[in-house]
Amino acid sequence: MSTILLTGGAGYIASHTAVVLQQAGFRVIALDNLVNSSEESLRRVAQITGQAVEFIKADIRDADALREVFNRFAIDAVVHFAGLKAVGESTQLPLKYYDYNVAGTVTLCQVMAECNVKQIVFSSSATVYGAAAEVPIHERAPRSATNPYGQSKLMIELILEDLVAADPSWRVAVLRYFNPVGAHESGLIGEDPNGIPNNLMPFISQVAVGKREQLQVFGSDYPTQDGTGVRDYIHVMDLANGHLQALRYLQKHHGIEAFNLGTGQGYSVLDMVKAFSETNDIAVPYQIVDRRPGDVAVCYADATKARQLLDWQTQYSLVDMVRDAWRWQRQNPEGYRQID
Ligand code: NAD
Ligand code: UFG
């Protein structure tokens, strides 16, 4: 049985990936400093799968703590989710973002090399495409970033490329997520943002549950069918499956490959509001306001490469995404906090 270390293992995408990996027969070790998550997510994972997740509270910037983990467990591969992800905060606190994301990844890779563990799946983002000139976006599209968060993801991609160039025995899969939404079908695990959500879907859910008065729709004058921004929303369980497939791919391939993980289908902000309120039969009041600085009009993936090389395709529909997001929110109006 392979043993997989999930950095940032208590987080949103990692907890769903832990379910998929355990159900596929992997042993999962979760490492997290809990800066943006709660250990309760992992207790819920165990509730879903019937298997405990080994948890280590540690920071990826702490080389000694990482060494201890690699010495204690015979880790075969790392899925590296740990990092900070708030775009707005990254413009205020750039050094913090470079420290957690970039320096943290360098430390992790140093310890991995030392311990001769050279398989890593990295959580990158469609943000590395900046304002893409063409959609759907192909992996070969030029990369650029417009904020420190995006820069940190781009820098890590470049660092991993240099690492593989210097030592081709590394096996690296860079997964560029589009817009992860939804939750596990059980409603036991889901996205639990701190404070006011930055992202559309958790904001809609919090309006629906009565925690926020109304959604602000950022701009209605984009060159899209209804004037609101278009994104490639992907169910988090589909995304989680992408990690399983990437690990299977790395068992057979050396070197580095980047993969878009999206559905290839774009939906507007108003499409999302409509799907959420119609599917769940609940009102989502909204107001159109100015554009949010830094937002692009349209972003969706060409996911052909992942389909072909990873033998992966999405299975969840828009209705599944909004239904599962709502089930999680309804069952856990305060996220994981009511338990801790
Ligand atoms: P999340 O905040 O739920 O998960 C990240 C986890 O990393 C958290 O549990 C946090 O406590 C932990 N962490 C942060 N810094 C750490 C450190 N120094 N040491 C140990 N643990 C640390 O976010 P998520 O949505 O699950 O995202 C996971 C990854 O995917 C991140 O790298 C993020 O940048 C990337 N990503 C997310 C999205 C998205 O929209 N959710 C899109 C593209 C890429
Ligand atoms: N939006 C609103 N109101 C809100 C929040 C969002 O109208 O309260 C709109 C945005 O303007 C955009 C769409 O909803 O058109 C999606 O916005 P999100 O913030 O949910 O997602 P983004 O596409 O802006 O950004 C996300 C992640 C970034 C990542 C990027 C690309 O938050 O970290 O996808 O992967 F870099």
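Whatever order the structure lists them in is the order used to number ligands and atoms, beginning at 1. Since this is a predicted model, take the numbers as computed values, not measurements.
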Does any N or O atom in Val269 lie less than 3.5 angstrom from one in ligand 2, N or O only? no
Using a 4.0 Å heavy-atom cut-off, which part of Leu200 comes near ligand 2: side chain, backbone, both, or neither? both
Location of contacts on Lys153 toward ligand 2, heavy atoms closer than 4.0 Å: neither
Would you verify whether the NZ or CZ of Lys96 falls within 45 degrees of the ring axis of Tyr100 while also being under 6.0 Å from that six-membered ring's centre? yes
Return the orientation label for the Tyr249 and His253 ring planes: parallel under 30°, perpendicular over 60°, tilted otherwise. parallel
Per-atom contacts of ligand 2 with Arg292, taking only distances under 4.0 Å to non-hydrogen atoms: 10 (C), 17 (O), 18 (P), 19 (O), 24 (O)
Ligand 2 atoms nearer than 4.0 angstrom to some heavy atom of Ser125 are 29 (C), 31 (C), 35 (O), 36 (F)
Does ligand 1 have any N/O pairs with the protein under 3.5 Å, and how far apart?
from     : atom 1 : to     : atom 2 : distance (Å)
ligand 1 : 3 (O)  : Tyr12  : N      : 2.8
ligand 1 : 9 (O)  : Gly11  : N      : 3.4
ligand 1 : 9 (O)  : Asp32  : OD1    : 3.4
ligand 1 : 9 (O)  : Asp32  : OD2    : 2.6
ligand 1 : 9 (O)  : Ser37  : OG     : 2.7
ligand 1 : 11 (O) : Asp32  : OD1    : 2.7
ligand 1 : 11 (O) : Val35  : N      : 3.2
ligand 1 : 11 (O) : Asn36  : N      : 3.0
ligand 1 : 11 (O) : Ser37  : OG     : 3.2
ligand 1 : 13 (N) : Asn33  : OD1    : 3.4
ligand 1 : 18 (N) : Asp59  : OD1    : 3.0
ligand 1 : 19 (N) : Ile60  : N      : 3.0
ligand 1 : 21 (N) : Asn33  : N      : 3.2
ligand 1 : 21 (N) : Asn33  : OD1    : 3.2
ligand 1 : 23 (O) : Lys85  : NZ     : 3.4
ligand 1 : 25 (O) : Lys85  : NZ     : 2.7
ligand 1 : 26 (O) : Tyr12  : N      : 3.3
ligand 1 : 26 (O) : Ile13  : N      : 2.8
ligand 1 : 32 (O) : Phe81  : O      : 2.8
ligand 1 : 32 (O) : Lys153 : NZ     : 2.8
ligand 1 : 34 (O) : Tyr149 : OH     : 2.7
ligand 1 : 34 (O) : Lys153 : NZ     : 3.1

Tyr177: numbered ligand 2 atoms lying under 4.0 Å from its heavy atoms: 35 (O)
Look at the rings of His184 and His16 and say which category their plane angle falls in: under 30° parallel, 30 to 60° tilted, over 60° perpendicular. tilted
Atoms in ligand 2 flagged as close to Val217, the criterion being non-hydrogen separation under 4.0 Å: 7 (O)
Aromatic ring pairing Trp328/Tyr336, orientation class (parallel under 30°, perpendicular over 60°, tilted between): tilted
Determine, stepwise, if the pair Glu89 / Tyr149 fulfils side chain to side chain donor-acceptor pair (under 3.5 Å). CA-CA 9 Å; Glu89 185 188 54; Tyr149 167 71; over 6 Å; no
Using a distance-only test with no angle check, is there a side-chain donor-acceptor pair under 3.5 angstrom linking Gln225 and Asp271? yes
Mind checking what makes side-chain hydrogen bond (donor to acceptor under 3.5 Å, both in side chains) contact with His254, not counting sequence neighbours? Arg171
Starting from atom 32 (O) of ligand 2, which protein heavy atom do you reach first, and at what distance in Å? Asn199 ND2, 2.6 Å
Any donor-acceptor N/O pair, Ser15 side chain to Tyr12 backbone, under 3.5 Å: yes
Determine, for Arg67 against Glu114, whether the closest basic-nitrogen to carboxylate-oxygen distance falls under 4.0 angstrom. yes
Any idea how Tyr316 and His235 line up, ring-wise: parallel (<30°), tilted (30 to 60°), or perpendicular (>60°)? parallel
Numbering as shown, the atoms of ligand 2 that approach Asn198 to under 4.0 Å (heavy-atom distance): 5 (C), 19 (O)
Carboxylate-amine/guanidinium proximity below 4.0 Å for Arg44 and Glu40: yes
For atom 12 (C) of ligand 2, what is the closest protein heavy atom, and at what distance to 0.1 Å? Arg231 NH2, 3.7 Å
If I apply the N/O under 3.5 Å rule, does Val230 come out as touching ligand 2? no
Could you tell me if any non-hydrogen atom of Tyr149 lies under 4.0 Å from any atom of ligand 2? yes
Starting from atom 10 (C) of ligand 2, locate the nearest protein heavy atom and write down its residue, its atom name and how far away it is, to 0.1 Å. Asp295 OD2, 3.4 Å
In ligand 2, the atoms that come under 4.0 Å of a heavy atom of Gln216 are 2 (C), 3 (N), 4 (C), 7 (O), 8 (O)
Begin with the C-alpha distance, continue with both residues' side-chain angles, and end with the deciding distance and a verdict on side chain to side chain donor-acceptor pair (under 3.5 Å) for Asn194 and Asn36. CA-CA 7 Å; Asn194 279 335; Asn36 277 325; 2.9 Å; yes
Which of the numbered atoms in ligand 2 are under 4.0 angstrom from any heavy atom belonging to Phe178? 35 (O)
Judged by heavy atoms only, the candidate from Tyr222, Tyr286, Phe218 nearest atom 4 (C) of ligand 2 is Phe218
Pair His243 and Phe26, ring centroids less than 6.0 Å apart: no
Using modelled atom types and a 3.5 Å cut-off, is there a donor and acceptor pairing between side-chain atoms of Asn332 and backbone atoms of Ile189? no
Quick one: nearest non-hydrogen protein atom to atom 26 (C) of ligand 2, plus distance? Asn179 ND2, 3.7 Å
Strictly under 4.0 Å, does any heavy atom of Tyr233 approach an atom of ligand 2? yes
Which atoms of ligand 2 have any heavy atom of Gly229 under 4.0 Å away? 15 (O)
Determine, for Lys211 against Glu334, whether the closest basic-nitrogen to carboxylate-oxygen distance falls under 4.0 angstrom. yes
